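This structure is a prediction, so every number in the text was calculated from the model and none was measured.
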Amino acid sequence: MSKKITGVLTAIVTPFTAEGDYNEPALRQQIQRQLAAGNGIFCGGTNGEFFVLNEQEKLAVTKTCVEEVAGKAFVVAHVGEISTRETIRLGQQVAALGVDAVSVITPYFVPLKQDELIAHYRAVADALSVPVFLYNIPARTGNTLEPATVRKLAEHPNIIGIKDSAGSYESLSGFLEAVKGIENFDVLNGPDSLIHQGFVDGCSACISGLANVAPKEINAIWERFSAGDREGSRKAQENVTGLRTDLYSVAFSPAAVKKAVALMGYDVGESRYAVRFSAEEEQRIRQIVNQYTH
């Protein structure tokens, strides 16, 4: 890769129409919101509801993101499937669309040993023409990438980092320690509560779901940190942590994030999976958004 991925990448929502179909114009609008705040794009991930998108929709979402960003920011696309074969097949199609890198979730539903995960990722990285980020989110997949495993995979020339969404500082710091001293391998922070600390400890970027709701507020953590204002970055983090705590007390991501964006007046539609919000919950989300965003 010609340029290191740094800063904030928004794990962008996938908008749907009232009929539940992919809404391309609405996605373009959301991309422009993020670009205006200084954020890059991470598409087809958890907040993009990849688990309810068919293959053509995944490709369409990626194509829209690459076109709309038009080289102004980083675009990373998630391509992880359960099988190595399908991950490679989708990954090759996504790579051809012009993304900067892909992120590959651990295979899910089926439990795998560490040596099996190593074989999976090496095969994927061998087959793709774009750089690969590992993607650790054990609460959703049932498979955890161990630090020692990640260090071994970091030796592969086409594996350039890991996105850690385990949700704990212990996990994040474990990966940072494991790959210390390895050039051209970066740790990307997933939990919105750890963005500032991740940058302090050496993360090159964060992947933020809450940036859909608060793009400027999330970017302020990075902007202030990169300018040398650590105290300002920490204060921006406190605001984001409050938003995360309060919003996720109503409902979990990705549905809570998408509902918040919709209640802000953007045409992103409903989540496709079986989630419902009461009138009281919607009102609470409005109050939370108003409290923490400007």
Side-chain angles (χ1 to χ4, degrees), residues 7-15 29-42 45-49 137 139-140 163-169 171-172 188-201 203 205-227 229-271 275 277-294:
V8 177
L9 276 73
T10 299
I12 201 155
V13 298
T14 301
Q29 180 187 38
Q30 292 307 307
I31 292 167
Q32 288 300 325
R33 281 183 69 219
Q34 297 304 324
L35 293 178
N39 301 332
I41 301 297
F42 179 90
T46 304
N47 277 276
E49 297 180 78
I137 183 167
R140 297 288 177 266
K163 173 183 184 285
D164 181 38
S165 294
S168 72
Y169 180 64
S171 177
L172 188 66
L188 310 185
N189 172 64
D192 286 298
S193 58
L194 294 173
I195 297 173
H196 169 73
Q197 191 60 51
F199 288 140
V200 169
D201 291 351
C203 289
C206 70
I207 311 293
S208 172
L210 281 179
N212 287 283
V213 181
K216 294 177 182 178
E217 288 79 2
I218 296 289
N219 188 270
I221 303 172
W222 164 249
E223 183 181 37
R224 294 173 187 177
F225 177 82
S226 60
D229 180 11
R230 287 200 177 190
E231 180 59 20
S233 175
R234 186 190 64 77
K235 288 181 178 178
Q237 177 68 71
E238 286 182 356
N239 182 62
V240 167
T241 300
L243 170 62
R244 181 182 186 272
T245 300
D246 289 354
L247 183 61
Y248 291 172
S249 71
V250 179
F252 291 114
S253 181
V257 166
K258 195 171 199 180
K259 176 58 70 174
V261 175
L263 292 173
M264 293 169 73
Y266 296 104
D267 187 22
V268 295
E270 301 290 336
S271 295
V275 60
F277 291 89
S278 66
E280 291 78 10
E281 287 171 331
E282 290 192 359
Q283 182 56 31
R284 176 62 182 141
I285 291 173
R286 284 192 184 93
Q287 292 170 347
I288 292 166
V289 170
N290 288 337
Q291 178 181 351
Y292 290 103
T293 63
H294 307 290

For a quick test of your reading: what N or O donor-acceptor pairs under 3.5 Å do the side chains of residues 209-216 make, sequence neighbours left out?
unit_1: Asn212; atom_1: OD1; unit_2: Val13; atom_2: N; d: 3.1
unit_1: Asn212; atom_1: ND2; unit_2: Ala11; atom_2: O; d: 2.9
unit_1: Asn212; atom_1: ND2; unit_2: Gly209; atom_2: O; d: 2.8

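In this structure, the separation between CG on Asn239 and CD1 on Ile218 is 9.0 Å, given to the nearest 0.5 Å. With rounding to the nearest 0.5 angstrom, the CG atom of Asn189 is 5.0 Å from the SG atom of Cys203. The OG1 atom of Thr293 sits 5.0 Å away from the CE atom of Met264 when rounded to the nearest 0.5 Å. In this structure, CG on Asn39 lies 7.5 Å from CD1 on Ile41, to the nearest 0.5 angstrom. Gln237 contributes atom CD, which lies 13.5 Å from atom CZ of Arg230 (distance to the nearest 0.5 angstrom). The distance from atom OG of Ser193 to atom CG of Leu243, rounded to the nearest 0.5 Å, is 11.5 Å.
Heavy-atom neighbours of Arg140 CZ from other residues, nucleotides or ligands within 6.0 Å: at or below the threshold of 12. When the shell of 6.0 Å around CD of Glu270 is examined, it contains 12 or fewer heavy atoms from other residues, nucleotides or ligands.
Residue Val257 forms a side chain to side chain contact (heavy atoms under 4.5 Å, CB included) with just one option from Thr46, Asn47, Ile285, and that option is Asn47.
Of all heavy-atom pairs spanning Asp164 and Ser171, the tightest one is OD2-OG, 2.9 Å. The two residues Ile12 and Gln34 make their nearest non-hydrogen contact at CD1-CG, 4.3 Å. The two residues Asp267 and Gln29 have their closest heavy-atom pair at N-OE1, 4.5 Å. Of all non-hydrogen atoms in Glu217 and Tyr292, the two that sit nearest each other are CG-O, 3.8 Å. Taking every heavy atom of both residues into account, Arg224 and Ala236 meet most closely at NH1-CB, 3.6 Å. Among all heavy-atom pairs drawn from Ser253 and Tyr248, the shortest one is CB-OH, 3.3 Å.
Looking at heavy atoms from C-beta onward, Leu9 lies out of side-chain contact with Lys163 at the 4.5 angstrom threshold. Side chains of Ser233 and Ile221 form a contact here, defined as non-hydrogen atoms less than 4.5 Å apart. The shortest distance between side-chain heavy atoms of Gln30 and Val261 falls below 4.5 Å.
Legend: residues meeting side chain to side chain donor-acceptor pair (under 3.5 Å) with Gln197, ordered by chain and number and at least two apart, are Asp201. Residues meeting the side chain to side chain contact (heavy atoms under 4.5 Å, CB included) test with Ser249, sequence neighbours left out: none.
The aromatic rings of Trp222 and Phe199 sit tilted relative to each other, their planes meeting at an angle between 30° and 60°.
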Practice task
Take Lys235 and Glu238 through the salt bridge (Lys or Arg N to Asp or Glu O under 4.0 Å) test and state the conclusion after the steps.
Solution key: CA-CA 5 Å; Lys235 288 181 178 178; Glu238 286 182 356; over 6 Å; no
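Using a cut-off of 4.0 Å between Lys/Arg side-chain N and Asp/Glu carboxylate O, Arg284 and Glu281 are scored as not salt-bridged.
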